[in-house]
Every structure is written in structure tokens, then in C-alpha cells.
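Report on the structure given below.
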2 protein chains.
Amino acid sequence: MRDVARMAQVSTMTVSRALTDPAKVSPDVRARVAEAVRAVGYVPNKLAGSLSSSRSRIIGLVVPSIENSLFASTVQGISDVLRRHGHQLMIADSGYSMEAEEAAIRAFLEQRVAGLILHDTTHTPAAVEMIKRSGVPVVENGTLVPEPLDMVVSYSNHDAAKAMTLHLARLGYRRIGFVSLHAATNARSRDRQVGYRAALEEAGLPFDPALMLEMPPGLASGAEALLRLMDSAAPPDAIFFAGDVLAMGASLECARRGWPVPGKVAIAAFDNFDLLGHLVPPVTTLKLPRLEIGRRSAEVLLDRIQGRSSAPVSVDLRFEIIHRAST
Amino acid sequence: MRDVARMAQVSTMTVSRALTDPAKVSPDVRARVAEAVRAVGYVPNKLAGSLSSSRSRIIGLVVPSIENSLFASTVQGISDVLRRHGHQLMIADSGYSMEAEEAAIRAFLEQRVAGLILHDTTHTPAAVEMIKRSGVPVVENGTLVPEPLDMVVSYSNHDAAKAMTLHLARLGYRRIGFVSLHAATNARSRDRQVGYRAALEEAGLPFDPALMLEMPPGLASGAEALLRLMDSAAPPDAIFFAGDVLAMGASLECARRGWPVPGKVAIAAFDNFDLLGHLVPPVTTLKLPRLEIGRRSAEVLLDRIQGRSSAPVSVDLRFEIIHRAST
DNA sequence: CGGCCATGAGTTACCGATACCAGAAATACG
DNA sequence: CGTATTTCTGGTATCGGTAACTCATGGCCG
């Protein structure tokens with residue numbers, strides 16, 4: 001920057017102003033600085049800038065898994081909004097572990113990020129402590145937490161699972177199976193289970209533990225869950241797959257075996273993969289606002305960072321049931 | 001840090017050493033510093049550290065689209081390796097535009113990243129110029145470029161497309177259709193087209209322009225390509241879908257119409273989505289080393305950054321043909 | 001016409017770490 | 001036992017910007 005200043009015959013301070021707040025500098029000087037910047041090939045050092053102003057334009061994001069396409073649209077939404085506002089995105093992957101999440105959060109705070117977005121909603125005490133002390137604004141994404149760290153942007157996993165279960169009940173299904181990921185380690189699965197049971201109660205259907213399964217994620221896992229449930233003495237007439245690609249695995253397994261859906265068993269899914277609508281038969285599913293979650297998360301975070309708001313926001317985004325031929 | 005130094009009764013210099021290179025400090029002092037760090041809740045400022053040492057542990061990654069699950073495993077591979085080595089990942093999304101890529105690169109250089117990974121292999125002149133001047137090491141990923149900026153880690157799109165086309169020819173198919181993304185804007189598609197034609201020639205099959213289609217990405221797009229090719233006067237007996245989820249869309253369309261595969265037409269895919277193996281019938285595809293590309297990219301980049309190598313590496317990773325019932 | 005304020009540019013002091021050099025203490029060695 | 005080395009620790013300058021303040025200029029007002 002010193003070179004630029006010398007070449008433009010001004011002080012470094014003026015160069016700094018010409019670049020960050022051009023309105024404060026006369027057009028003449030502005031032009032000279034711009035020319036010098038080009039001539040020197042000057043690339044500002046944001047590290048120094050952030051250090052000096054103690055303001056950074058970096059947002060840290062922690063997702064359980066980068067590879068999982070469910071999170072991809074949320075990340076895309078965040079990235080879109082941040083880019084429009086000239087901010088950068090740092091991503092870390094917790095591998096579904098709270099300890100790894102804590103490490104990622106620490107690394108982000110060391111980089112002095114301007115804000116954090118966390119997909120998970122349960123954290124280690126140390127992580128919570130660090131965040132509180134740092135005063136960095138945070139958005140949580142996974143589910144509508146009753147006591148958020150700061151801000152939340154999500155839909156209600158509980159309500160969504162309940163709505164779909166009730167939908168099945170209204171269609172006349174009486175033995176509705178429920179397959180989800182392991183609830184002990186996953187707040188989202190927990191919420192969905194509770195929603196499922198709430199719906200059963202509301203519909204006046206008995207809860208049968210034999211109809212509720214927890215599986216690891218994956219296509220094969222969905223197929224296995226299907227077979228296990230259908231092999232039992234009193235098989236379900238509908239199954240609600242509330243996790244990852246489980247429903248897809250199950251649907252494809254039915255196709256392989258030639259089982260009529262919903263003739264033999266109805267299938268409903270939680271996630272709105274495009275693909276579910278293209279299977280034969282197309283699968284009834286919930287449409288979740290994944291992209292919107294990303295966008296809104298970035299927006300509320302930026303609002304806070306730029307001082308346009310201070311209240312701890314909680315955004316409840318709407319889901320939708322897409323009824324298709326599988327139920 | 002000053003607080004920590006005071007509390008541990010040492011200079012800031014010693015605190016710095018105790019944290020970055022503990023071996024250089026006596027065990028006694030090391031313990032006092034550690035204790036003080038805990039007591040104060042000290043979080044080091046990497047911004048200041050990087051500025052001072054002109055070394056950062058941040059890697060910048062530019063992908064065409066974050067949402068596209070094809071890139072997700074590569075990102076995962078990068079993230080895994082970086083985390084193991086205590087580095088951070090910044091991601092930007094170019095939306096398949098060279099100008100946006102240039103902007104992302106500029107932003108990364110302003111943050112003084114230690115290295116860059118670019119998925120695309122064609123860049124604006126300004127971007128190339130900036131990178132060269134900065135001296136930051138770069139890995140390109142999209143395809144094996146003849147004249148890389150610096151390092152390349154990829155498989156050969158040309159060879160892969162050629163291998164699959166030859167595979168189809170050897171199976172006895174004579175009119176092999178080819179569907180890819182728009183080649184004018186995508187070096188990968190271009191390489192694949194060339195590979196396809198090279199294979200036809202090698203197999204002694206005529207090239208029929210009517211059998212070659214360019215489509216936008218997407219499930220629906222694949223279905224449409226299928227119908228267009230099959231509706232023609234001389235339909236193909238096999239179609240090789242060399243882009244995104246095109247093959248999946250086509251396969252599902254066949255299922256919907258009840259067309260036997262490969263009875264009516266054989267289908268082969270380029271991308272190794274899990275799902276392709278679970279469709280009915282399972283689809284023949286190429287197995288591409290996506291995760292490995294990410295890992296190796298991060299590894300060669302770190303090697304360079306840590307001075308363990310200096311040569312411009314070019315890593316050619318192997319692909320594999322997964323033969324399934326669809327051909 | 002004097003005083004006041006808005007505008008544009010410069011000066012100086014940091015931001016919070018590390019590099020580099022130097023000095024003190026501890027250890028080694030002939 | 002004196003000197004040569006190593007090991008540990010501290011002082012100071014500096015990385016490349018920005019905040020906060022100062023100062024000169026010029027237009028506007030009563």
C-alpha cells in the first residue's frame with residue numbers, strides 16, 4: 001500500500017479511504033489512487049485491515065457432513081447471500097461429533113469470524129462458553145430449539161413429522177411405521193419421533209414400539225428397515241421414513257421386489273430430494289425450506305453484524321406436504 | 001495475550017512460544033502459561049499471527065456450484081485432510097462463471113490464503129495474472145489440463161469417456177448416442193466429447209451428429225434427451241449420458257414408460273452416484289475418484305506449502321467402469 | 001467581513017501477534 | 001576451573017492496515 005501511496009502522491013491513509021470509502025475522497029485523488037492500484041497490481045491485505053479495525057467479513061459454518069447433499073442447499077443459500085454482501089464463508093465439518101464441532105468453533109473464533117452458523121443445536125459446554133465470551137453472533141439451524149444460544153432459523157421437525165403422520169392417518173392408514181436416524185445423538189430425529197407419537201395420539205391410533213425403528217443413514221439401510229418391518233407378524237400398512245435417503249432405499253427395494261406401492265405398503269419420506277418425485281411411483285414427501293434456511297440464516301446474521309437488529313431472532317420457516325402416488 | 005503473560009509472569013514473547021512451539025520453553029513456564037490461558041479464557045488471534053508471520057493456514061476453494069452433489073465428495077476429501085493438518089477451508093461458488101471465479105480468487109488472495117484449489121480449469125486472464133503475481137500455490141481439479149497454472153489433480157475426462165464408449169462398442173452396440181452438458185462453457189464436457197469421438201473411430205463406428213446432444217443439467221433434462229433421441233428416425237441402441245444426473249433422469253423415464261433396459265435401449269452413465277446402482281435395472285457407470293481428488297489435492301497443496309516439494313505436480317487418478325444390467 | 005462549519009488530506013498511535021537479536025543462566029568440555 | 005555452547009527468556013521493531021485526531025482550505029451565513 002505504501003507503493004500505491006507514493007505513486008499516487010498521497011498518504012497511505014488516503015489510499016485506505018479511497019478504497020474503503022471513496023465518497024470521502026476527492027474525485028481527482030480517487031482516480032490517481034485507482035490508477036496506482038492498477039499499475040502496482042496492489043491486492044489489499046484484509047488480515048491487516050481486520051486486525052486494525054477488529055472487524056472481519058468472514059462467517060464460519062459448521063455442518064455435520066459436507067458430503068451429505070441435504071446440507072448442500074442450505075450452504076448454497078448461505079453462500080449466495082454472503083457473496084452478495086461481500087462476505088466470505090469458512091466451512092468446517094463436525095462429522096456428527098460435538099467435540100469436533102467444538103474444535104471447529106474454536107478455530108473459527110481464533111480467525112475472528114464475524115458470525116457463526118451451526119447446523120447442530122447441541123454443543124459441548126466448552127463450546128457454549130467460548131461463544132458466549134466472544135460475543136460473536138450465532139445462528140442455529142437444525143431444529144427449532146426452545147433455548148437457543150442466540151438466533152435460530154429452522155422449521156419445526158416436530159410439527160413436520162406430526163403433520164405427515166396425521167396426513168397418513170387421514171388417508172386411512174392404521175398401522176403407520178416410523179423409521180428415523182438414531183435419536184440419542186440427533187436432536188432432529190428426537191423431535192421427529194416426538195412429533196410422530198403426538199400425531200398417533202391425536203389420531204387415536206395406538207403406539208406400537210414394534211413399528212418404530214432407528215437406522216443408520218444410507219440407501220441400503222432404508223431397504224433393510226423396510227424388510228424388517230414387513231417381515232414382522234403384524235406388518236404396517238404405511239411407513240414414514242424420517243431420515244436421510246432411507247425412503248429412497250425403501251422405494252427402490254419395493255421396485256426390485258415388484259411390491260405394489262401403496263398396494264402392499266405406502267411410503268412417505270421426510271426429505272425433499274428431487275428424485276423422490278421421479279421414482280415409480282413418485283413418493284409423498286415433505287417439502288422443507290432448505291435453501292431458504294440458508295438464506296435467512298445469512299440474512300439475520302448480517303442484520304445483526306451490521307447493527308440493524310439486536311434482538312435474538314427465531315425464524316420458523318414453513319414446510320409443506322407434497323402428496324404423491326406412493327400413499 | 002498480554003493478560004496471559006502478566007498472569008504467568010513472563011513476557012508475551014514467551015507466551016507466544018509456549019503456544020506455538022512448546023519445546024522451546026521450559027516445562028515449568030509451559031505449565032504456568034497453560035494455566036493462565038485457561039484462567040483468562042484466552043483465544044489466540046490468528047489474524048495478528050498471520051499478519052506478523054505472513055503465513056496463514058487457510059485454503060481457498062472455488063467450485064462451480066456448492067449445491068451440486070458431484071462436488072460434495074471432493075470438498076469432503078479436502079476438508080478431511082485439511083482438518084487433520086490444522087488448516088481451515090474457505091469456500092466460494094462461481095456459479096459456473098469465470099468472472100465470479102475471478103472475484104472469488106481476488107477475495108481469497110486478499111485474505112492471504114496459503115493455497116488455492118480451483119475446480120475449473122479455464123480462468124480469466126486477470127485471475128491468472130493475480131495468481132501468478134501472488135505466488136500462491138494452486139491445484140486445479142476439473143480435468144487433466146495440458147498447461148496447468150501450477151498443479152493438477154484429476155482423472156482424464158477424455159480417457160474415461162473413451163473407455164466407456166469402447167466398452168459399449170465391445171458389447172455389440174452399434175449406434176451409440178452421447179449426451180453431455182454444453183461443451184462451449186465447460187472444459188470437462190469438451191474433453192468427454194472428444195473422448196467419445198475418439199472411441200467411435202477406434203471401434204470403426206461412424207460418427208452421426210444426430211446422436212450427439214448437449215443438454216442443461218437436471219433430471220428432467222435427461223428424460224428429455226432420451227425421448228428426443230428415441231423419437232428420431234434412426235434411434236440409438238445405447239446412450240451414454242456424460243453429465244450430471246442426466247442418466248438418472250433417463251433411467252427413471254424408461255421405468256415410467258415401461259421401456260425395457262437394455263432391451264429397447266441401453267443406458268450408461270458417467271457419474272458414480274450411489275443411486276445408479278440401486279435403480280431397476282442398475283445402471284452401468286464410471287466410478288470416478290471424487291473423494292480421492294479432494295484428498296490428493298489437499299495433500300499436494302500442503303506438501304508444497306510446507307516446503308516438502310516444489311515441482312509442479314500432475315496427478316492422474318484412475319477411473320473404473322462398473323458394468324451393470326443396463327447395458 | 002469575521003466566524004463557523006463542511007470537506008479533504010495528513011499524523012500518530014495502535015490492533016495482537018511473531019521475527020530477530022541479545023543477554024542471562026545453565027550445561028558442557030578440555 | 002575457565003571458557004565455549006546450548007537453552008531459555010526478554011526487548012524492540014514490524015507486519016499492513018484503520019481509528020481518532022488535527023489541520024488547512026474554502027464556502028456560507030448573518
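Per chain, numbering begins at 1; letters A, B, ... match sequence-line order.
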Give a yes-or-no answer on whether the side chains of B:Thr121 and B:Glu140 include a donor-acceptor pair shorter than 3.5 Å. no
Not counting sequence neighbours, list each pair that qualifies as a side chain to side chain donor-acceptor pair (under 3.5 Å) and has a residue in residues 300-314 of chain B. B:Asp150-B:Arg304, B:Asp303-B:Arg308, B:Gln306-B:Arg308
For A:Ser54, which contact category applies under a 4.0 Å heavy-atom criterion: base, sugar-phosphate, or nothing? nothing
B:Leu51 side chain: which of D:dG16, D:dG10, C:dT11 is closest? D:dG16
Let me have the donor-acceptor pairs involving side chains of residues 141-149 of chain A, under 3.5 Å, with sequence neighbours excluded, atom names and distances please.
unit_1	atom_1	unit_2	atom_2	d
A:Asn141	OD1	A:Ser297	OG	2.9
A:Thr143	OG1	A:Asn157	ND2	2.9
A:Thr143	OG1	A:Asp191	OD2	2.7

Near DNA chain C, which residues from residues 21-48 of chain B have a heavy atom under 4.0 Å away? B:Tyr42, B:Pro44, B:Asn45, B:Ala48
Ignoring hydrogens and geometry, is there a side-chain-to-backbone donor-acceptor pair from A:Ser56 to A:Arg112 under 3.5 Å? yes
Just compare C:dC15, C:dT11, D:dA19 and give me whichever is closest to any side-chain atom of A:Ser11. C:dT11
Write down the distance between CD (A:Gln9) and C1' (C:dG10), rounded to a whole number of angstrom. 15 Å
Side-chain donor-acceptor pair present, B:His123, B:Glu101, cut-off under 3.5 Å: yes
Would one find a side-chain N or O of A:Ser52 under 4.0 angstrom from OP1 or OP2 of C:dC15? no
Are side-chain N/O atoms of A:Asp93 and B:Gln76 paired as donor and acceptor at under 3.5 Å? yes
Hey, does the side chain of A:Thr14 come within less than 4.0 Å of C:dG10's phosphate (OP1/OP2), counting only N and O? yes
To the nearest Å, how far apart are A:Arg6 CZ and C:dG10 P? 14 Å
Rounded to the nearest Å, what distance is computed from the CZ atom of residue A:Arg2 to the P atom of nucleotide C:dT11? 13 Å
Please determine, by modelled atom types, if A:Ser94 and A:Ser97 share a side-chain donor-acceptor pair under 3.5 angstrom. no
Nearest-nucleotide comparison on DNA chain D, the residue closer to the 5′ end among A:Met1 and B:Val10: B:Val10
Which part of the nucleic acid does A:Ser50 contact within heavy-atom distance under 4.0 Å: base, sugar-phosphate only, or nothing? nothing
For B:Met13 and C:dG16, what is the distance between atoms CE and C1' respectively, to the nearest whole Å? 12 Å
Check whether any side-chain N or O of B:Arg55 sits under 4.0 Å from OP1 or OP2 of C:dA19, and answer yes or no. yes
Which is true for B:Arg17 with a 4.0 Å heavy-atom rule: it touches a base, it touches only sugar-phosphate, or it touches nothing? base
